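Model, not experiment: these values are computed from the prediction.
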Amino acid sequence: FVEVDPAFVQSWLFVAALASDGRGYDLADYSNRCGSLMNRCVVAPTLSVTMGSSGQSQTFGGTSSATPVVSAVAAMILS
């Protein structure tokens, strides 16, 4: 539970994580639930594909994977 002072609500951005079941996305079981602050919430996938040092594609996940997407969205909101 987070209590947000109404005077500062415009400066908050909540982040939720999306997990894929191979057919679609849903909130990850460990993700925040934005609840009443849904209009201040962004979501990002927690699985990314990258090129490994061996030249093969590999996946990695978690909040580190979602960070670039969330950062880009935050920059677009601020602009």
Testing the basics here: between [X] and [Y], what is the closest heavy-atom pair and its distance to 0.1 Å?
X	Y	value
Trp12	Phe14	CE3-CZ, 3.3 Å
Ala16	Cys41	CB-SG, 4.2 Å
Ala44	Ala66	CB-CB, 3.8 Å

Please identify each residue that fulfils salt bridge (charged side-chain N to carboxylate O under 4.0 Å, His left out) with Arg23, with sequence neighbours left out.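 Salt bridge (charged side-chain N to carboxylate O under 4.0 Å, His left out) list for Arg23, sorted by chain: Asp21.
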Could you list the cluster mates of Val43? Members are the ILVMFWY residues connected by side-chain heavy atoms closer than 4.5 Å, either directly or through other members.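 Via sub-4.5 Å side-chain contacts, Val43 links to Leu18, Tyr25, Leu27.
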If you link ILVMFWY side chains whenever their heavy atoms are less than 4.5 Å apart, which other residues fall into the same cluster as Met38? By chain and number, please.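 Answer for Met38: none, a lone residue.
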Could you list all the salt bridge (Lys or Arg N to Asp or Glu O under 4.0 Å) pairs where at least one residue sits in residues 24-41, not counting sequence neighbours?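 Sorted pair list comes back empty.
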Is Met51 reachable from Phe60 through a run of I, L, V, M, F, W or Y residues, each pair having side-chain heavy atoms under 4.5 Å apart?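 The answer is no; the residues belong to distinct hydrophobic clusters.
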Verify the cluster assignment for Tyr30 and Leu47: are they in a single hydrophobic cluster under the rule of side-chain heavy atoms below 4.5 Å apart?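 Tyr30 and Leu47: separate clusters.
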side-chain contact (heavy atoms from CB on, under 4.5 Å) between Leu13 and Val73, intermediate numbers included: CA-CA 10 Å; Leu13 181 64; Val73 170; 5.8 Å; no
What disulfide bond (SG atoms under 2.5 Å apart) pairs are there with at least one residue in residues 44-79, not counting sequence neighbours?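 Passing the test, one end in residues 44-79: no pairs.
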The criterion is side chain to side chain contact (heavy atoms under 4.5 Å, CB included); which residues satisfy it with Ser54, sequence neighbours excluded?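 Expected list: Gln56.
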